[in-house]
Novice: 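Next up is a structure, given as structure tokens.
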Amino acid sequence: MTNNILYSIKDLSKSFSQSNKKVTALRNVTLDINRGDFISIQGPTGGGKSTLLQMLGGLEKPTSGMISLDQDDLEKLGEAKLTNVRAKKVGFIFQNYNLIPTLTALENVQIALVPLGIKKLESERRALAALESVALSDRANHFPSELSGGQQQRVAIARALVKNPEVILADEPTGNLDEETRDQIIDLLVNLNKESGITIMLVTHDSNVAKRANKNLHISNGVVTTRS
Amino acid sequence: MFFTYLRREISKRKRQTLLVSVALGTSIGLIIVVNAASAGIGDAQKTVLSGLYGIGTDISVTKSIQPTQGGRGFNFGPENADSSGASTLNQTRLTVPIFSGTFDGQTLKQIKSTKGVSRIAATLKLNQIIFKGSIAGTASNPTTPQDPNARPRGFGGGNFNIDMTSIEGVDTSLTNVGPLSGVNIDKGRIFQASDANSQNVLADSTYALAQKIDVGSTVSVGSGTFTVVGIVSSASSSPETSANLYIPLAQAQTLSSNPDLVTNIYVAADSSSNTDSVQKAIEALLPDSTVSSQADLAKNLSGSLSSASSLVNALSKWLSIFVLLVAFLIAILFTSSGVTRRIREFGTLKAIGWKTNRIVRQIMGESLVTSFFGAIIGLAIGVVGIFVVNTIAPTLSASVVSPGRFGGAAPGGPGGPGVPGFQPPAGGFTGRGTGFGRAAENATTLKLHIGMNVSTLILGVLIAILGGLIAGAYGSWKASRLSPAVALRSVA
Ligand SMILES: Nc1ncnc2c1ncn2[C@@H]1O[C@H](COP(=O)(O)OP(=O)(O)OP(=O)(O)O)[C@@H](O)[C@H]1O
Ligand SMILES: [Mg+2]
């Protein structure tokens, strides 16, 4: 039964102190997330959506509470181990794609394999396969500036899934895209979730996107509620 | 991936790479040129000094003395007086320069046996003064000895000439130390050991030209007649050698009735690192003498060469430090702003699972490659700069400000030499010491030539790499403090 639970979150709080003012971004979040879920996260701006993704991805440590990812208690891990968890288990997708502008599409995918110590040929083969799965193998040697927004985001998706992660965390991945491109990207993610059973957690302001998920979370003022 | 990423960053961010490497390169180029100029000026000083004192000479020993008042005067006897009371004069004197002390053979032996001395050459410097002409009037009028208005022995006008020639008696068997070590042979030959007792003479080329003498001519020195066997000129660009005429030492000693005496001792140490200890040993041996090394002599140089030398010495230090600081600052600022611009990039790499170390390595790599380009630019600027300086080739002049150490050139002596019946105008002809010691008036000009110095070039490269390391370290430190969460920031 535990095997089915990917994330187990108990009483998780996160607050930031900025110029003597304490901002609480997450308040006593308790939540389980199952493997294979496709979860949308919605809520007003400043509500704590990105902060929740930071906790889920091990980018920041919680102020209090517990969060475990697949046996790893993230709040207890040191920086090196946390980095290792990110390298192996988590794939990120960002609103601004965050590709390295000086590297080609293929190389941008390969950088996700660098911390795993995968050799050059194997890394190239896997990166090409990942690009293939987002229908971009013909653009492998293009630089980000030579790609459209949708194509850049597909490269970013390839980078997230090339390491075969436990979970893909996406922060408004379609925020900068037109509707048609948005739908292509969401189709891609839905297919990934269905075909390889990869867990996806996706922050969005767009209810058309949220509709495609099988669970919906809402965060407002740091408080998480479930609507399914 | 390290090299791919590195190559891409360097080639895709050309402006950043160029700015930092040009800043580093310019400063390194400047440092190379200034340091080379400094070394070149140092060499110029050495050249001038060896021109003045001989290339093989490390240490020079002389002694200066207070001349005895009224010592070496001309005697204008009444026997020269003609019927009108005027005296006709033609007198030659061959004397040791007025302020020069002498050394004897025993002292020479002691110096020779001093530890660290490899060769010594002793010379006897002499001044030949020929006084020619007539002195009219009251020089000595026996008919009015009691006239209170008459200035007894006063100078009543006349027509006369004073010719001065500097003569140096040299060791004919040793031409690699002492005055003849720094000369070129223009014509004829230099002395050989077999010349020791000959009546042969070498003439300075400038003097020979003025006196219209050539190889084969004869010149008289004191009571002797000598045959010119060679014409010599200064090997450095200084116009003259240290004496007008060079004769065998034994001849000089005989002619001046100074057997066994010498005025100048030129010492070559067996290694340049021994110069100091040899100098100290000789100073202890001869406390009354002036014992000078090349380094001491350099302090006595004046003229644009020595101003250039102190200027460049000051410049090479402070300019180098200033330029370096500016270059390092530019490198640090640009690397730092580069990291700031790439916050999202580094944050993303961290979010993806890159260890901080790997990012640091990447930044250091970029910085080092940039500084390597800087080194290449610096070397190019340095080489071109040195070429330009040599093409412009500023002319420097040098003269010795403290004569008297060598060749007996005296600091302006007391007015009158005490010539009976002859009252010279203030300052008299011995007033300025320069006429007697050739070394003293050796104002030299030479074109600055600076050379490429491998160690300076290597230093330049190392400095560039140091700049790269410092800038890279600062950038890395900034990047290492980044939280991976910055990757999620929505602002671009
Ligand atoms: N590093 C930080 N330092 C200080 N305050 C922060 C930091 N990160 C987030 N916050 C604060 O925490 C709260 C939640 O921010 P968060 O970015 O999670 O909101 P969000 O739901 O993602 O908003 P948006 O929809 O605008 O992206 C906000 O009030 C924000 O100002
Ligand atoms: Mg957000």
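Side chains included, hydrogens not; waters and symmetry mates left out as well; all remaining heavy atoms used. Letters A, B, ... are given to chains in the order of the sequence lines, protein chains preceding strands, and every chain is numbered from 1.
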Novice: Nearest heavy-atom pair of B:Ala351 and A:Phe94: which atoms, and what distance?
Specialist: CB-CZ, 4.3 Å

Novice: Would you say CZ of B:Phe387 has more than 12 non-hydrogen atoms from neighbouring residues, nucleotides or ligands within 6.0 angstrom?
Specialist: no

Novice: Enumerate by number any residue of residues 454-477 of chain B whose heavy atoms lie under 4.5 Å from heavy atoms of chain A; in the absence of such residues, state 'none'.
Specialist: none

Novice: Could you check whether any side-chain N or O of A:Asn98 sits under 3.5 Å from a backbone N or O of B:Glu345, counting only pairs where one atom can act as donor and the other as acceptor?
Specialist: no

Novice: Please list, chain by chain and in numerical order, all residues satisfying side-chain contact (heavy atoms from CB on, under 4.5 Å) with B:Phe2, sequence neighbours excluded.
Specialist: B:Leu6, B:Arg361, B:Gln362

Novice: Answer yes or no: does atom CZ of A:Phe143 have more than 12 heavy-atom neighbours from other residues, nucleotides or ligands under 6.0 Å?
Specialist: yes

Novice: Which bit of B:Arg13 comes within less than 4.5 Å of chain A, counting heavy atoms only: side chain, backbone, both or neither?
Specialist: side chain

Novice: About how many Å separate CG of A:Leu103 and NZ of B:Lys12, when rounded to the nearest 0.5 Å?
Specialist: 9.5 Å

Novice: Which bit of A:Lys120 is near chain B, if near means a heavy-atom gap under 4.5 Å: side chain, backbone, both or neither?
Specialist: neither

Novice: Taking every non-hydrogen pair under 4.5 Å, which of A:Glu79, A:Lys88, A:Glu107 racks up the most with chain B?
Specialist: A:Glu107

Novice: I'd like to verify something: which residue of A:Thr102, A:Leu99, A:Leu82 has the highest number of heavy-atom pairs under 4.5 Å with chain B?
Specialist: A:Thr102

Novice: Using non-hydrogen atoms and a 4.5 Å limit, figure out which bit of A:Val90 sits close to chain B: side chain, backbone, both or neither.
Specialist: neither

Novice: To the nearest 0.5 angstrom, please state how far the CZ atom of B:Arg489 sits from the OG atom of A:Ser50.
Specialist: 11.5 Å

Novice: Before giving the answer on side chain to side chain contact (heavy atoms under 4.5 Å, CB included), spell out for B:Ile352 and A:Arg86 the whole-Å C-alpha distance, their side-chain angles and the decisive distance to 0.1 Å.
Specialist: CA-CA 6 Å; B:Ile352 279 173; A:Arg86 291 199 299 267; over 6 Å; no

Novice: Select all residues of residues 53-62 of chain A having any heavy atom within less than 4.5 Å of some heavy atom of chain B, and report them by number, or 'none'.
Specialist: A:Gln54, A:Leu59, A:Glu60

Novice: Find the one option among B:Gly347, B:Pro484, B:Ser11, B:Ser483 whose heavy-atom pairs under 4.5 Å with chain A are most numerous.
Specialist: B:Pro484

Novice: Under 4.5 Å, heavy atom to heavy atom: which of residues 17-33 of chain B reach chain A? Give them by number, or say none.
Specialist: none

Novice: Side chain, backbone, both or neither: which part of A:Asp171 has a heavy atom under 4.5 Å from chain B?
Specialist: side chain

Novice: Looking at B:Phe328, I want to see if its CZ is surrounded by more than 12 non-hydrogen atoms of other residues, nucleotides or ligands under 6.0 Å.
Specialist: yes

Novice: I would like to know whether B:Thr348 and A:Arg159 meet side chain to side chain contact (heavy atoms under 4.5 Å, CB included); could you show each step before the answer?
Specialist: CA-CA 11 Å; B:Thr348 302; A:Arg159 178 179 67 187; 3.9 Å; yes

Novice: Would you confirm whether B:Trp354, through its side chain, and A:Ile111, through its main-chain N or O, come within 3.5 Å as a donor-acceptor pair?
Specialist: yes

Novice: Apply the test side chain to side chain contact (heavy atoms under 4.5 Å, CB included) to residues A:Ile100 and B:Tyr5: give CA-CA distance (whole Å), side-chain angles for both, the deciding distance (0.1 Å), then the verdict.
Specialist: CA-CA 9 Å; A:Ile100 312 289; B:Tyr5 193 8; 3.8 Å; yes

Novice: Closest heavy-atom contact between B:Gly353 and A:Thr83?
Specialist: O-CG2, 3.3 Å

